[in-house]
Amino acid sequence: MAVTELPTAGMLPGGPGEGVQVVIAGEELPTQEMTLSIGPQHPSTHGVLRVVLTLDGERIDTATPVIGYMHRAFDKLSEARDYRQIIALSNRHDWLSAFGNELGVALATERLMGIEAPERAQWIRMLMAEWNRVLNHLMFLGSFGLELGAMTPMFYAFREREDIQTLMEMATGARMHFTYCRVGGLKEDLPKGFLQYSEVLVKRIRHRLLDYEGLLLGNEIFKKRTVGIGVLPGEVAKSYGVTGPILHASGVAEDSRKTEPYLKYSEVDFEVPVGEHGDSFDRFNVLYHRIEQSLRIIEQVHAKLPAGPIMPGKMPKYLKPPEGWTYVRTENSLGETGYYLVSRGDTKPWRLKMRTPSFHNVSMIPYLLKGVLLPDLIAVLGSVFFVVGDVDR
Amino acid sequence: MIFYHFFSNPWAVFALKLAAVFIFFLTAPLVLGYVEHKGLAHMQSRLGPMEAGRFHGWAQLIADGVKFIQKEDIVPDAADRRIFMLAPMIVIIPVSLVFLVIPFGPAAVSCHAPAGTGGCGFWGENFDVGIFFVLAISAISVIGMLMAGWASANKFSLIGAIRGAAQLIAYELPLVLAASAVAMQAGTLSLVGIGDAQKAYWFVFPQIAGFIIFVIASLAELSRPPFDMPIADSEIIFGHMTEYTGIRFGLFLLSEYAGIVSLSAIAVVLYLGAWHGFIVPWIPGPIWTLAKIGALSFLVIWLRATYPRLREDQLQKMAWKYLIPIALVNILLTMIFKVVF
Amino acid sequence: MTPDEIAAHLTEATGAAERSDVAHGEVSVWVPNDKWVEVATHLRDCGRCHFDLPTFLTAVDLEEQGFEVVLHMYSVRRQHHVNVKTQLARDEPRLPTLSGVWNGLNWCERETWELFGIDFTGHPNQVKLLLPVEFEGFPLRKDFLLMTREAKEWPGLKEPAEVEH
Amino acid sequence: MDPEATEGAVVSWPAVFVAIFGAVAALSAVAVVLSRNVVHAALYLVVVLGAAGAIFLVLGAEFVGWTQILIYVGAIVVLLLFGLMLTAAPIGTHALDNQQRGVAFMTSAAVFGVFTFIIWRSFGSQRIHLNQVVRTSDVGRSLFSGYILPFEVVSVLLLAALVGAIVLAKKD
């Protein structure tokens with residue numbers, strides 16, 4: 001049984017969601033193909049994603065993601081809500097990076113209205129966004145290990161997440177859906193003791209990251225499972241609109257914090273870790289090093305955080321952006337989260353399109369899964385970081 | 001006097017031994033399971049069970065057992081009913097039989113036990129071909145696994161069972177080869193004889209390669225991490241056990257932990273000097289055996305906290321390309337050693 | 001290239017740009033429907049533009065003016081953006097597919113099709129993506145009302161100060 | 001196992017056990033053939049082979065008995081089941097019947113006759129002495145002295161099979 005050559009770059013026959021033709025060599029006995037439905041309730045799909053596989057033995061012929069189980073009609077809902085409500089709606093989608101989602105809505109509205117958040121608010125936003133990024137990456141760091149059978153990193157990751165959630169709770173009052181951003185600034189200033197605890201946490205997490213290095217990155221079996229598995233060339237990644245850590249792992253250092261700095265990212269010093277081969281190991285490695293970079297940014301915020309107000313002195317009573325449109329992109333934890341906002345001068349947006357990284361990551365899955373072994377499905381799926389809420393919106 | 005009469009009747013002693021073996025078979029997995037709960041928890045910076053039985057959740061597994069018994073025993077509609085129900089027994093019976101031959105101590109000095117009552121000593125039965133018995137009987141469990149996977153009428157179960165069977169076939173060979181090198185070294189197939197032969201030195205020293213192979217192969221036989229692909233939860237839910245509930249599922253779990261204890265015990269007898277102690281040799285042999293079994297079982301648990309799992313083909317490659325050739329060379333070296341010295 | 005340069009280049013190179021606009025640092029270029037694929041391909045292949053990352057594709061309901069389809073592209077190498085837009089008639093909106101130009105637009109077009117009812121001709125697999133198969137209607141059209149809102153107006157529609165007592 | 005019973009009486013305990021296991025083996029063998037489900041057939045085969053192993057054990061040939069179980073039950077039937085499940089073994093009744101019953105019956109009857117004849121002629125008048133357990137060392141000694149040529153021939157045969165299997169598997 002022969003499987004058609006995999007195109008290394010460029011177009012796929014049929015594209016994602018389409019069955020890729022399998023050529024069965026004529027002279028041999030055709031083996032029976034098996035259809036296996038992974039999900040919607042499956043431990044390794046992070047929510048309700050379903051992947052329909054056709055298998056030849058344990059080798060995957062085609063993989064078709066089936067999404068929509070968590071579709072919550074964000075686009076339609078936001079046409080019936082005002083801007084403050086949308087902030088609360090938006091942070092539900094990628095539930096692992098709630099602050100990053102809110103930030104985009106606030107920035108888009110601010111840009112249309114011509115408001116600029118005060119200095120301090122911008123620094124704090126950056127601080128929160130980076131902590132949120134660490135929170136998000138820790139989750140994937142842990143769960144990826146778990147999917148490969150290493151259960152300990154998961155518990156370690158949750159230990160660290162617990163600490164960070166406590167920190168976030170101090171400022172925002174929430175543990176997951178922070179709703180801390182406001183159009184124009186922030187809900188409240190940082191509470192007393194927040195920065196001290198934040199500094200302690202940076203040190204603690206930096207120290208504990210060594211555990212992950214020992215348990216996963218330096219682990220022979222982990223390397224055997226991930227090196228050379230699910231190779232995604234940079235060109236293919238781009239053609240699918242893949243952004244964030246997955247794109248970085250494929251060797252493309254595209255990060256809007258660098259190329260189009262928003263907030264105060266131009267004033268802090270950090271690097272964009274990139275991978276060499278674009279395999280599962282690289283994606284994981286990039287994620288790990290992104291945490292280190294986020295911690296670096298957080299430390300710089302500690303040092304540079306100015307005093308001042310957190311909301312502009314004079315805000316209009318009603319948020320009514322003037323007629324116009326804009327697209328704001330932010331480098332969220334998993335990649336580019338963008339908001340395409342069209343306003344007709346009303347309290348509600350005329351159209352708000354949420355562009356999420358997970359949607360594009362998942363649309364690329366059929367490419368990565370073709371021809372891999374079923375156990376590698378996990379090594380691949382786990383390294384294509386996505387949150388189902390972020391896929392379906 | 002009545003005690004004397006009782007103990008002088010070999011059949012009564014044999015019955016007593018059987019009862020002791022049965023109790024050990026039921027309790028050792030529970031203790032091990034509890035150690036796994038707590039040990040794993042502390043390695044992962046959490047507490048583990050804390051409620052059942054008040055003191056550090058010591059009764060957790062008993063509570064689990066009660067729960068398993070109470071739960072409904074569901075047989076899927078599409079399943080092959082009889083085979084589905086039979087499979088857990090086929091898995092657990094061979095594992096329990098292995099406990100019969102584990103020697104915990106040396107033979108008694110004066111002994112008049114008639115044939116068939118197992119002789120005198122801390123074991124259930126002393127077969128002439130003990131090690132062979134262990135390997136043969138534990139191979140039967142695979143059939144139960146295949147039956148469970150096939151009869152469940154679930155694709156995940158079937159994949160799990162097929163993986164399990166492939167794994168067990170591949171690792172049966174290095175296991176037997178490593179064990180036969182020990183048998184050659186000791187000059188006997190009897191487990192008691194092999195234990196006796198380690199009076200001067202433990203076989204782990206001359207047979208270090210064999211020991212490592214034996215441990216790796218045992219882990220694979222037991223489907224324990226890093227070789228737990230047959231039940232890889234993130235891929236195929238729970239392999240051949242996916243459709244099982246209640247007491248039948250409990251039997252599968254019991255057999256897993258009993259398997260850890262029994263294979264650790266066999267490794268202790270084959271390599272780690274059985275009941276022979278060191279530094280403090282006045283401690284009785286059975287306690288030494290138990291301590292060593294405990295240490296080896298703990299290693300099995302420890303590995304679970306440390307390693308991710310390998311892939312099926314990597315596992316097969318390891319067996320056929322490395323373990324089996326090394327085991328064969330090991331036999332050859334043992335042979336030369338035996339002939340020369 | 002700066003936004004203005006991109007707009008100028010597009011007008012000049014393809015001759016397809018009807019008009020262009022720069023707002024908040026974002027450039028939009030409106031092209032006719034029949035040049036849609038040609039423009040996208042040109043933007044991908046042309047060395048000066050080199051748009052290699054299709055960010056998203058979506059549509060906006062303009063009510064009586066029909067629909068506006070928006071394709072946002074980014075160039076990783078040149079680090080610039082462009083929004084290519086085209087307007088479609090309200091009845092039977094139809095546009096050639098771009099899933100042959102970029103893999104990543106396959107899902108975007110499926111989504112736009114099911115939410116706006118814009119038919120992408122030549123799409124290899126135009127089936128429901130997010131919505132259940134049996135769902136009827138195109139929810140993101142302005143004439144598709146939210147069920148609950150049909151029954152009762154959103155109570156938070158008016159600010160408390162605006163409510164007449 | 002009363003020594004007197006084995007010595008004097010016509011019906012000894014081992015004989016009873018051999019009869020029981022023999023009956024189990026025979027019935028299961030019939031079930032293997034009559035079973036319509038290929039996996040059921042394979043599982044009946046396990047019973048047949050297990051009963052054969054048990055007969056060896058009863059007769060004092062421990063090593064041979066356990067070998068029977070290790071090799072046939074633990075490896076060969078597992079391989080068989082493995083192959084069946086990988087190819088086509090649907091659950092439920094699955095028509096496995098073919099129209100060659102007459103030929104099959106004649107063949108098996110012939111094989112049965114030939115084996116019975118040979119075994120009867122070779123061992124017909126011999127008695128098994130159950131008091132002495134066959135020691136593993138004796139088995140080994142006779143295998144490597146009296147039967148060394150057949151042993152080596154079988155080894156070569158297995159080697160050839162192994163090479164053949166590798167060649168077949170390499171084709172992909």
Side-chain angles (χ1 to χ4, degrees), chain B residues 76-84 86-87 90 94 114-117 127-147 149-154 157-159 161-170 172-173 175-176 183-184 187-190 193 240 320, chain D residues 1-3 6 13-14 35 37-40 42-47 49-50 53 56-57 60-94 130-140 166 169:
Chain B
D77 260 353
D80 193 318
R81 215 180 158 76
R82 269 183 303 165
I83 297 184
F84 183 85
L86 200 63
I90 305 285
T117 57
F127 281 123
D128 192 23
V129 289
I131 182 168
F132 216 67
F133 166 80
V134 168
L135 296 171
I137 204 89
S138 54
I140 296 177
S141 301
V142 200
I143 299 220
M145 201 169 171
L146 277 171
M147 283 163 70
W150 178 78
S152 295
N154 178 325
S157 298
L158 186 63
I159 292 177
I162 287 176
R163 280 185 184 187
Q167 188 165 321
L168 272 110
I169 291 172
E172 196 70 26
L173 215 51
L175 200 72
V176 171
M184 281 169 83
T188 174
L189 284 175
S190 153
H240 59 286
W320 297 102
Chain D
M1 270 184 256
D2 200 359
T6 39
W13 278 117
S35 173
N37 185 311
V38 67
V39 172
H40 289 182
L43 292 175
Y44 278 121
L45 193 60
V46 173
V47 180
L49 296 168
F56 280 122
L57 291 180
E62 275 194 339
F63 184 77
V64 183
W66 292 122
T67 309
Q68 170 88 10
I69 288 172
L70 177 69
I71 304 293
Y72 282 92
V73 178
I76 291 186
V77 177
V78 170
L79 212 60
L80 198 75
L81 277 171
F82 187 70
L84 287 177
M85 288 177 189
L86 268 187
T87 47
I91 288 169
T93 46
H94 182 58
L130 285 173
N131 279 352
Q132 73 193 70
V133 172
V134 184
R135 298 200 58 88
T136 314
S137 50
D138 299 337
V139 176
I166 291 171

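Keep in mind that the numbers below use all heavy atoms, side chains included, and drop hydrogens, waters and symmetry copies. Per chain, numbering begins at 1; letters A, B, ... match sequence-line order.
Contacts of B:Leu158 classified as side chain to side chain contact (heavy atoms under 4.5 Å, CB included), with partners at least two apart in sequence or in another chain: B:Trp150, B:Ile162, D:Met85. Scanning for ring-ring contact (aromatic ring centres under 6.0 Å, His included) contacts around B:Phe84 gives B:Tyr244, with sequence neighbours left out.
For the pair B:Ile83 and D:His40, the minimum side-chain heavy-atom distance is below 4.5 Å.
Per-residue heavy-atom pair counts under 4.5 Å with chain B were compared for D:Thr67, D:Val77, D:Ile71, and the maximum is reached by D:Thr67. The most heavy-atom pairs under 4.5 Å with chain B, out of D:Leu79, D:Ile69, D:Val73, D:Val78, come from D:Val78. Listed options B:Leu146, B:Ile140, B:Thr188, B:Val176 were ranked by heavy-atom pairs under 4.5 angstrom with chain D; first place goes to B:Leu146.
Proximity to chain D (any heavy atom under 4.5 Å) is shown, for B:Ala161, by neither the backbone nor the side chain.
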- Query: side-chain contact (heavy atoms from CB on, under 4.5 Å) between D:Trp66 and B:Leu135: does it pass, once the steps are laid out?
  - Reply: CA-CA 9 Å; D:Trp66 292 122; B:Leu135 296 171; over 6 Å; no
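Of all the heavy atoms in B:Ala139 and D:Leu70, the pair that sits closest is CB-CD1, 4.2 Å.
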